[in-house]
Enquirer: 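Got a structure for you, written out below as structure tokens; questions coming shortly.
It should be emphasised that the depicted structure is a prediction, and the values quoted were computed from it without experimental measurement.
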Amino acid sequence: SIGRRPPLSALFAEPTIAHMADVIIKDKPAEDAAILTLGPLDGPPFFFLHGDVQGGGFYCRGLAKALPGRSIMAVAPEDVTAGNQTPSIEEMAQRHLEAIRALRPRGPYALGGWCVGGIIAYEIARRLEAQGEGVTQLVLIDAVPHTGWLFWLRRLIERLGALIKAPHHENVWRFSWWRVQGERLEQVWRHRKGLSKLWASARRALAKTQSSSKGLAAFFEDAAALKRGPRRDAMGALRWSAAGYVPKPYRGPVSLLMAQQLLDEGIDPTRVWRRVAAGTVLVPVPGDHLSCITTHVSDLAKAIAAPQGAK
């Protein structure tokens with residue numbers, strides 16, 4: 001090791017060994033830009049909150065290639081694992097909004113986002129609208145508001161945490177643990193084939209839960225997990241933030257792009273979004289939650305390039 005870390009932006013610019021070696025040899029500052037430009041600089045940019053806390057958002061390179069002539073401004077998620085408290089969706093949206101307006105002080109703006117990044121993009125668009133700025137495009141990809149049982153799960157854990165005086169990182173961990181168990185049960189229910197097979201599937205899911213997490217006792221007794229300190233799992237922390245967010249009204253049009261597999265499984269947040277954004281239009285795209293932004297990126301690009309509100 002030579003003690004130098006190339007910035008993530010260098011990989012976005014040119015993901016080759018030669019380029020990375022050049023960056024390291026020249027000892028360029030290892031600072032990751034919050035917003036990276038992909039594609040030509042001419043024309044109105046598309047600010048895209050890629051929401052990829054684990055892979056760095058490299059799929060945006062493929063998206064930029066599939067949208068020739070369009071400037072893609074890849075907005076990286078902030079570090080939600082550092083600090084004593086997990087930032088809220090509103091707090092993250094405000095910081096991203098300030099970074100966006102530093103690059104483009106006046107509208108109109110085009111915004112989009114994947115997963116929780118889409119939820120943050122919605123809040124940014126809502127704030128821009130409140131400031132009198134125009135938003136010509138808002139694209140939400142697999143953005144599912146946590147307004148159902150996850151919202152109440154967070155509220156319950158916050159209440160219990162207050163009673164036992166648990167630190168914040170323990171609340172987030174407990175929320176993540178119960179979220180995984182609940183989503184497993186949801187998956188079992190969605191894939192049921194008769195009551196007898198439902199019971200068999202439930203038993204298999206329970207056995208898997210017990211083997212991986214020591215059963216329900218892990219909620220109270222998994223000391224190793226709770227002693228990992230205040231640093232939190234990035235995706236778990238983002239889901240915690242999403243579960244605390246209640247979308248407010250937005251008057252502009254919204255293109256809700258949902259992976260076909262999620263729709264087939266009954267995951268369709270269209271009605272939830274239409275309660276606050278009447279102009280929401282559902283647009284199915286091929287693939288699942290991950291393959292729709294990778295394997296089927298060309299189909300995704302066509303849906304993004306389509307006129308706002310077109311089915």
Side-chain angles (χ1 to χ4, degrees), residues 8 32-35 48-60 74-99 113-124 127 140-184 186 209 212-213 218-220 222-247 267 269 289-290 293:
L8 188 61
D32 290 329
I35 301 178
F48 185 70
L49 286 80
H50 62 70
D52 187 1
V53 296
Q54 297 174 324
F58 285 102
Y59 73 87
C60 293
V75 184
E78 65 177 82
D79 185 2
V80 295
T81 63
N84 294 325
Q85 297 291 320
T86 304
S88 66
I89 294 294
E90 291 87 348
E91 290 170 338
M92 289 186 282
Q94 182 58 35
R95 285 192 280 270
H96 285 311
L97 175 56
E98 292 171 0
W114 174 71
C115 196
V116 178
I119 297 176
I120 300 174
Y122 176 86
E123 177 61 21
I124 293 174
R127 292 178 178 233
L140 310 183
I141 306 170
D142 282 358
V144 182
H146 292 21
T147 54
W149 66 271
L150 287 173
F151 174 86
W152 295 109
L153 174 62
R154 171 173 163 162
R155 292 297 180 274
L156 175 61
I157 289 178
E158 285 178 323
R159 294 288 182 86
L160 293 176
L163 288 175
I164 64 176
K165 298 182 180 180
H168 176 69
H169 73 275
E170 288 189 13
N171 288 338
V172 175
W173 181 86
R174 289 190 173 100
F175 170 82
S176 297
W177 194 91
W178 281 108
R179 174 182 59 80
V180 171
Q181 314 318 314
E183 289 176 347
R184 283 176 180 168
E186 278 190 324
T209 297
S212 62
S213 303
F219 182 75
F220 299 101
D222 195 339
L226 295 180
K227 289 182 179 179
R228 286 181 296 188
R231 193 162 185 85
R232 299 167 293 282
D233 168 68
M235 182 51 65
L238 269 181
R239 298 292 295 274
W240 168 271
S241 298
Y245 177 66
V246 179
I267 303 175
H289 187 56
L290 293 178
I293 60 173

Enquirer: So, taking the atom named CZ in Arg184 and the one named CZ in Arg179, what distance separates them when rounded to the nearest 0.5 Å?
Expert: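 Rounded to the nearest 0.5 Å, the CZ-CZ separation comes out at 10.5 Å.
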Enquirer: Tell me, please, which residues at least two apart from Arg95 pass side chain to side chain donor-acceptor pair (under 3.5 Å).
Expert: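 Expected list: Glu78.
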Enquirer: Mind jotting down which residue pairs meet the salt bridge (charged side-chain N to carboxylate O under 4.0 Å, His left out) criterion with at least one end in residues 113-123? Sequence neighbours excluded, please.
Expert: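 Qualifying pairs, neighbours excluded: Glu123-Arg126, Glu123-Arg127.
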Enquirer: Could you tell me how the ring of His168 sits relative to the ring of Trp240: parallel (under 30°), tilted (30 to 60°) or perpendicular (over 60°)?
Expert: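 Aromatic pair His168/Trp240 classed perpendicular.
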Enquirer: Under the criterion side chain to side chain contact (heavy atoms under 4.5 Å, CB included), I'd like the reasoning laid out for Trp114 against Leu290: C-alpha separation, chi angles, the key distance, then a yes or no.
Expert: CA-CA 10 Å; Trp114 174 71; Leu290 293 178; 3.8 Å; yes
Enquirer: Heavy atoms only: give me the nearest Asp79-Thr81 pair and the separation to one decimal.
Expert: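 Nearest heavy atoms, Asp79 then Thr81: OD1-OG1, 2.6 Å.
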Enquirer: On a heavy-atom basis, which atom in Glu90 and which in Tyr245 lie closest, and how many Å separate them?
Expert: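 That closest heavy-atom pairing would be OE2-CD1, 3.3 Å.
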Enquirer: Atom CG in Asn171, atom CD1 in Ile164: separation rounded to 0.5 Å?
Expert: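 It comes to 7.0 Å.
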Enquirer: What closest approach, in Å, do Ala143 and Leu140 show between heavy atoms, and which atom pair accounts for it?
Expert: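 Looking at all heavy atoms of both residues, the shortest contact is CB-CB, 3.9 Å.
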Enquirer: Just by distance, no angles: are the side chains of Gln94 and Glu98 close enough, under 3.5 Å, to form a donor-acceptor pair?
Expert: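 Judged by distance alone, the side chains do pair up.
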Enquirer: At their closest point, which heavy atom of Ser88 faces which heavy atom of Glu91, and how far apart are they?
Expert: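 Scanning both residues, the minimum pair turns out to be N-OE1, 2.9 Å.
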Enquirer: Donor-acceptor pairs under 3.5 angstrom involving side-chain atoms of residues 145-153: please list them, not counting sequence neighbours.
Expert:
residue: His146; atom: ND1; partner: Val144; partner atom: O; Å: 3.0
residue: His146; atom: NE2; partner: Arg239; partner atom: NE; Å: 2.7
residue: Trp149; atom: NE1; partner: Glu186; partner atom: OE2; Å: 2.9

Enquirer: Within a strict 4.5 Å, meaning less than it, do heavy atoms of the His50 and Pro77 side chains meet?
Expert: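 They are in contact (side-chain heavy atoms under 4.5 Å apart), so the answer is yes.
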Enquirer: Name the residue from Val75, Ile119, Leu97 that meets the side-chain contact (heavy atoms from CB on, under 4.5 Å) definition with Ile124.
Expert: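 Of the listed residues Val75, Ile119, Leu97, the side-chain contact (heavy atoms from CB on, under 4.5 Å) partner of Ile124 is Leu97.
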Enquirer: Which residues pass the side chain to side chain contact (heavy atoms under 4.5 Å, CB included) test with Leu156, sequence neighbours left out?
Expert: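 Per chain and number, Leu156 pairs via side chain to side chain contact (heavy atoms under 4.5 Å, CB included) with Leu160.
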Enquirer: Ignoring hydrogens, what is the shortest heavy-atom contact between Phe48 and Cys60? Give both atom names and the distance.
Expert: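 What the structure gives for the nearest pair is CD2-SG, 3.9 Å.
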Enquirer: Kindly determine whether Ile89 and Val116 satisfy side chain to side chain contact (heavy atoms under 4.5 Å, CB included), including the steps that lead there.
Expert: CA-CA 9 Å; Ile89 294 294; Val116 178; 4.0 Å; yes
Enquirer: Would you compute the distance between atom CD1 of Ile157 and atom CH2 of Trp173 and round it to the nearest 0.5 angstrom?
Expert: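 Reported value, rounded in 0.5 Å steps: 9.5 Å.
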Enquirer: Could you work out, with side chain to side chain donor-acceptor pair (under 3.5 Å) as the rule, every residue matching Glu158, not counting sequence neighbours?
Expert: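 Partners of Glu158 by the side chain to side chain donor-acceptor pair (under 3.5 Å) criterion, ordered by chain and then number, come out as Arg154.
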